[in-house]
Amino acid sequence: MNYFDHFNNGFTYDDFLAKYGSDDHRGRWAALHDRVQRSDAQRALLSSFRREMKVLVMAGAWCGDCVEQCPIFDHFAAASDKIQIRFVDRDDCGDLKESLVVCGAPRVPQVVFLSEDNHFVAHAGDRTLSKYRDMAAKLDGAACPSGLIGPNDALLADVVQDWLDEFQRVQLILRTSGRLREKHGD
């Protein structure tokens, strides 16, 4: 799978929503975007990143899980000039949709991390551990959130931290890579 081609043809956060989102979708994403909080420590961590990371997000503007998570990625990119994020629509990328499955289904959001020189580093998605813990505690409820009512503030903070942990894990993979250390002389 050539993830870089998808990244290269992907959209910025705003352009993705402009192309694929209805007014209602954009409103849901904006409402969650406004609720995302980052602590001073989280902002400092993001600004300390030293290696460039390319982040490919396969999403759907209609998807409740994407509503609840993708705005977080936009906040991370705004906090670090080392993070470049591109979004692609799941239904417009058949080969990517087929290659990124969770439990046998093409779920979104799916996140692929690439190095500065376009090597695959990691894959994550479709929900974080905190979200799955919350869902498991409510097994009698809906299987997929609608995005109409976002997560409560505590769960949102946990999901932000879960994703930050994943972004940091990838950053540390990149930072400690022998190949990249030799390339950058550090």
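Remember, predicted model here, so these are calculated numbers, not experimental data. Atom set for the values below is all heavy atoms of this structure, side chains included, hydrogens, waters and symmetry mates excluded.
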Task: Residue pairs involving residues 103-114 (criterion salt bridge (charged side-chain N to carboxylate O under 4.0 Å, His left out); sequence neighbours excluded) - done: R107-D126
Task: Sub-4.5 Å side-chain heavy-atom contact between P109 and D65 - done: yes
Task: Aromatic plane relationship, F87 with W29 - under 30° parallel, 30 to 60° tilted, over 60° perpendicular - done: perpendicular
Open item on the list: Within the 4.5 Å heavy-atom criterion, are V55 and V57 side-chain neighbours or not?
Closed with: yes
Task: Heavy-atom closest contact (A18 atom, R26 atom, distance) - done: O-NH1, 3.8 Å
Open item on the list: Nearest 0.5 Å, please: how far is OG in S99 from OH in Y3?
Closed with: 4.5 Å
Open item on the list: Once side-chain contact (heavy atoms from CB on, under 4.5 Å) is applied, do any residues pair with R179, and if so which ones, sequence neighbours excluded?
Closed with: S115, D117, H119, S177
Task: By side-chain contact (heavy atoms from CB on, under 4.5 Å) - contacts of S22 (at least two apart) - done: D24, H25
Task: Candidate pair V111 and H123, rule side-chain contact (heavy atoms from CB on, under 4.5 Å), full reasoning - done: CA-CA 6 Å; V111 180; H123 166 242; over 6 Å; no
TODO: Please check if any side-chain donor atom of Y20 sits under 3.5 Å from a side-chain acceptor atom of D92, or the reverse.
DONE: yes
Open item on the list: Please determine whether residues M58 and M1 belong to a single hydrophobic cluster, defined as Ile, Leu, Val, Met, Phe, Trp and Tyr linked transitively by side-chain heavy-atom distances below 4.5 Å.
Closed with: yes
Open item on the list: Can you confirm whether V112 sits close enough to L114 that some side-chain heavy atom of one is under 4.5 Å from a side-chain heavy atom of the other?
Closed with: yes
Task: pair K54-F4: side-chain heavy atoms closer than 4.5 Å - done: yes
- [ ] Tell me, please, which residues at least two apart from S48 pass side-chain contact (heavy atoms from CB on, under 4.5 Å).
- [x] L45
- [ ] Search all heavy atoms of V88 against all heavy atoms of C93 and return the closest pair with its distance.
- [x] CB-SG, 3.7 Å
Open item on the list: For D15 and K19: C-alpha separation, side-chain torsions, deciding distance, then whether side-chain contact (heavy atoms from CB on, under 4.5 Å) applies.
Closed with: CA-CA 6 Å; D15 290 345; K19 179 169 175 67; over 6 Å; no
Open item on the list: Please confirm whether the ring centroid of F73 lies under 6.0 Å from the ring centroid of Y13.
Closed with: no
Open item on the list: To the closest 0.5 Å, what do you measure between NE2 (H75) and CD (Q42)?
Closed with: 11.5 Å
Tell me which donor-acceptor pairs under 3.5 Å the side chains of residues 76-85 have, and how far apart each pair is, sequence neighbours excluded?
unit_1	atom_1	unit_2	atom_2	d
S80	OG	L46	O	3.2
S80	OG	K82	N	3.1

Open item on the list: Holding to side-chain contact (heavy atoms from CB on, under 4.5 Å), I want the full list of residues that pass it with R169, two or more places apart in sequence or in another chain.
Closed with: A122, E166, I173
Open item on the list: Assess whether a salt bridge exists between D158 and K131, defined as any Lys/Arg side-chain N lying under 4.0 Å from an Asp/Glu carboxylate O.
Closed with: no
Task: Euclidean distance, D5 CG relative to L96 CG, rounded to 0.5 Å - done: 11.0 Å
Open item on the list: Can you give me the closest heavy-atom contact between P71 and C66, atom names plus distance?
Closed with: CD-O, 3.5 Å
Task: Rounded distance (nearest 0.5 Å) linking atom CG of N2 with atom CZ of F120 - done: 13.0 Å
- [ ] Could you tell me whether the side chain of Q37 reaches within less than 4.5 Å of the side chain of V160, counting heavy atoms only?
- [x] no
Task: Hydrophobic cluster identity match, V102 and L100, side-chain contacts under 4.5 Å - done: no
- [ ] Output yes when E116 and K183 qualify as a salt bridge under the 4.0 Å nitrogen-oxygen rule, no when they do not.
- [x] yes
Task: Nearest-0.5 Å distance that lies between atom CZ in R181 and atom CZ in R51 - done: 7.5 Å
- [ ] Report the C-alpha distance between V108 and W62 in whole Å, list the side-chain angles of each, state the deciding distance to 0.1 Å, and finish with yes or no for side-chain contact (heavy atoms from CB on, under 4.5 Å).
- [x] CA-CA 10 Å; V108 287; W62 46 266; 4.1 Å; yes
TODO: Heavy atoms only: give me the nearest R86-F7 pair and the separation to one decimal.
DONE: CG-O, 3.3 Å
Task: Any donor-acceptor N/O pair, R175 side chain to R50 backbone, under 3.5 Å - done: no
Task: Over all atoms of both residues, closest heavy-atom pair of L174 and V121 - done: CD2-CG2, 3.7 Å
TODO: Run the numbers on H6 and D95 for side-chain contact (heavy atoms from CB on, under 4.5 Å), then give the verdict.
DONE: CA-CA 10 Å; H6 287 287; D95 61 333; 3.1 Å; yes
Task: Result of checking L156, L164, D162 against I72 for side-chain contact (heavy atoms from CB on, under 4.5 Å) - done: L156
Task: Lys/Arg-Asp/Glu bridge criterion (N-O < 4.0 Å) met for K138, D134 - done: yes
Task: Between OG1 on residue T128 and CD on residue E68, distance to nearest 0.5 Å - done: 10.0 Å
TODO: Mind running ring pair (Phe, Tyr, Trp, His ring centres under 6.0 Å) on F113 and F167 for me, showing each step along the way?
DONE: CA-CA 9 Å; F113 296 91; F167 274 66; 5.0 Å; yes
